[in-house]
Amino acid sequence: MEIAGNRNHSSHPKRKRDDIATNGADHIDLALLEAVEKSQKVVEVLDLRTVKKLSLSFERRLRDNTEARLKYPDQPERFADSEVELHDEIQKLKVLAAGPELYPDIVKLGVVSSVVDLLSHSNTDIAIDAVQLIQDLTDEDVLEDNDEPARVLVDALIENNVLDLLVQNLHRLSETDPDEMSAVYNTLATIENLIEVKPVVAELVCERTKLMKWLLGKIKVRDFDSNKQYASEILAILLQNSTVNQRRLGQMNGVDVVLQAVAMYKSKDPKSPDEAEMVENLFDSLCCLLMPLENKERFVKAEGVELMIIIMKQKKSAYGSAIRALDFAMTNYPPACERFVDVLGLKTAFAAFMGKIPLNKKNKKERYQEELEERIVSLIASLFGGILRGTRKERLLSKFVENECEKIDRLMELYLRYSDRVKVEMERLSEIELDDLEMDEEEKYNRKLESGLYTLQLIAVILGHLWCSEHSQMRARIELLLKQQKLTRQDIKNILQEYHNNIGDLDGPEEKERTQGKIQKFISAL
């Protein structure tokens with residue numbers, strides 16, 4: 001289900017291009033170092049006076065270049081020197097990143113609008129210089145503990161159409177040229193910097209520019225490189241907290257494009273950690289896309305259910321991600337659940353439920369296996385919620401009878417484990433309260449959810465569905481296993497009651513009432 005969803009991309013430390021594009025080289029921005037050295041020959045201290053001096057010098061060189069280009073448009077040799085001088089001045093401006101507290105003054109001096117205009121300069125090299133300068137000025141390390149100056153700078157950049165010009169410049173850069181390939185990466189880094197300072201930029205950049213179209217084009221490319229990786233991460237950032245962006249990308253055939261991108265890994269593993277990170281980013285984007293109902297429909301029509309089952313059957317590294325995507329697709333969407341049963345997904349899902357998961361370096365980690373366990377429980381709960389009657393329901397229920405009810409045995413095994421984890425957390429919370437650290441009921445409940453209560457509740461919901469099927473063999477098995485552990489049906493009812501009492505109205509009051517009614521039916525039947 002969609003609670004406890006995606007990785008939080010905004011909390012990831014940003015990578016410098018050198019971290020990915022070089023092997024063993026010193027991670028130093030040589031252009032920045034050169035600019036610092038040059039500027040230090042002129043100034044020792046970065047203050048307002050220095051900022052004004054640098055600004056005037058830059059504006060002068062910019063004016064000279066503009067005039068030379070207007071005067072000799074067809075004679076590049078007549079404005080080439082002014083272009084070199086302008087390049088040098090832009091490099092000098094990089095030292096402004098050493099004084100973010102002076103950003104409001106930089107904005108007042110009008111430097112920002114001039115730098116942004118350079119993104120559309122006829123000379124691509126000058127535009128690249130401008131991209132790198134803006135990236136340096138907005139770098140998260142530079143802006144740390146300078147929230148207000150950062151906002152002033154970012155507001156000024158946006159007012160001067162930096163988003164439009166950055167994306168327009170992206171479309172003219174050729175990644176066959178090493179410098180322009182670096183500029184693509186720096187452009188994406190700048191957009192990420194702007195979003196970090198001003199989160200609303202995530203929607204603004206999609207509303208005002210063709211960034212999403214460019215990103216979709218980039219992830220469609222078969223060959224892997226650092227820019228494809230970064231494009232996948234930016235896409236996930238744009239989608240993770242924005243229903244507007246999720247819907248917008250869905251309307252742009254985004255579901256199909258992302259499915260094509262992940263399909264490249266249905267029968268092969270990524271060749272490097274960076275490529276593996278990109279695949280995770282693509283699945284994060286897919287899961288975000290599957291939040292709006294209309295995108296779930298697109299997913300089913302594009303045979304996304306079938307693709308995820310194929311990925312699971314191939315047992316490559318994307319196995320767990322495919323389960324997560326199916327979980328998102330089937331939550332509150334019966335057509336996806338029906339398709340899953342129709343294309344024989346039950347066998348694959350219940351193999352995972354029984355712990356028969358492929359082993360590799362990644363999933364040997366205990367936490368990975370727990371996450372997979374929680375996802376598959378959620379997926380089965382979604383199946384029960386989406387398949388209410390008919391032969392599909394019979395096929396689902398029959399899985400819990402076959403092999404002497406081994407699936408019920410497994411379900412009760414998980415019930416006991418998660419129940420114990422929640423009890424340990426409750427005891428810990430009680431000890432905290434004894435130490436006079438007060439905690440309100442909502443916080444306590446959230447802590448319990450984090451410790452495994454949500455999965456325990458879903459297990460109780462599945463047990464409720466099994467009990468309400470009135471199948472005598474299943475009921476007898478549940479009773480026997482409870483008795484062996486000195487438990488009763490009341491223990492399950494208590495978990496369901498707590499779940500019932502805490503169901504929120506995130507999906508609207510009607511959905512809340514419907515879900516509470518279903519849970520109440522289980523409580524009454526048990």
Side-chain angles (χ1 to χ4, degrees), residues 1-6 243 246 287-288 290-297 299-300 323-341 349 353 373-390 392-393 396-397 400 411 414-415 418-419 422 441-470 474 478 489-526:
M1 291 189 178
E2 289 160 9
I3 296 176
N6 301 308
T243 303
Q246 292 160 7
C287 290
C288 289
L290 288 170
M291 297 293 276
L293 191 67
E294 60 267 33
N295 287 344
K296 294 176 191 277
E297 183 179 353
F299 177 82
V300 172
I323 292 175
R324 182 160 62 103
L326 283 169
D327 183 24
F328 273 77
M330 293 195 292
T331 299
N332 298 328
Y333 192 62
C337 300
E338 292 166 0
R339 176 67 66 85
F340 185 82
V341 175
F353 178 70
E373 210 169 65
E374 291 163 7
R375 280 289 169 192
I376 202 71
V377 166
S378 179
L379 188 151
I380 292 170
S382 292
L383 280 170
F384 272 109
I387 299 171
L388 303 178
R389 60 187 65 84
R392 294 187 185 100
K393 184 66 177 284
L396 176 59
L397 288 169
F400 288 88
L411 195 63
L414 294 172
Y415 175 91
Y418 281 90
S419 180
V422 173
E441 290 303 312
E442 184 179 356
E443 189 176 353
K444 278 188 201 173
Y445 186 69
N446 287 334
R447 293 280 188 93
K448 286 162 66 179
L449 286 174
E450 289 169 8
S451 72
L453 177 61
Y454 182 63
T455 299
L456 180 62
Q457 290 170 340
L458 293 182
I459 292 168
V461 167
I462 295 169
L463 286 167
H465 278 288
L466 296 178
W467 191 267
C468 286
S469 71
E470 298 183 353
M474 286 195 283
I478 292 169
R489 296 200 304 272
Q490 185 61 46
D491 293 288
I492 300 172
K493 290 166 78 167
N494 291 342
I495 293 164
L496 289 171
Q497 190 64 57
E498 185 177 25
Y499 182 37
H500 173 280
N501 295 344
N502 286 280
I503 291 171
D505 56 2
L506 191 65
D507 297 319
E510 289 183 7
E511 180 61 25
K512 175 182 177 178
E513 188 176 339
R514 189 192 71 80
T515 305
Q516 284 184 324
K518 180 180 71 176
I519 301 303
Q520 189 58 56
K521 177 186 170 186
F522 296 154
I523 294 170
S524 301
L526 278 161

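This structure is a prediction, so every number in the text was calculated from the model and none was measured.
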Does any part of the side chain of Ile492, heavy atoms only, come nearer than 4.5 Å to the side chain of Trp467, both counted from C-beta? no
What pair of heavy atoms forms the shortest contact from Val300 to Arg339, and how long is it? O-NH1, 3.2 Å
With sequence neighbours left out, what residues match His465 under ring pair (Phe, Tyr, Trp, His ring centres under 6.0 Å)? Phe384, Phe522
Residue pairs fulfilling salt bridge (charged side-chain N to carboxylate O under 4.0 Å, His left out) with at least one residue in residues 492-505, sequence neighbours excluded: Lys448-Glu498
Chi angles and distances behind the side chain to side chain contact (heavy atoms under 4.5 Å, CB included) call for Leu414, Phe353: CA-CA 10 Å; Leu414 294 172; Phe353 178 70; 3.8 Å; yes
Does the pair Arg514/Glu511 count as a salt bridge with the N-to-O cut at 4.0 Å? yes
Is the closest side-chain heavy-atom distance between Asn502 and Leu449 below 4.5 Å? no
Got Leu526 and Leu496 here, is their nearest side-chain heavy-atom distance under 4.5 Å? yes
Close side-chain approach of Ile459 to Val377, heavy-atom, < 4.5 Å: yes
Under 4.5 Å between any side-chain heavy atoms of Thr243 and Met291, yes or no? no
Ile387 versus Phe340: any side-chain heavy-atom pair under 4.5 Å? no
In short, salt bridge (charged side-chain N to carboxylate O under 4.0 Å, His left out) pairs touching residues 457-469 with sequence neighbours left out are none
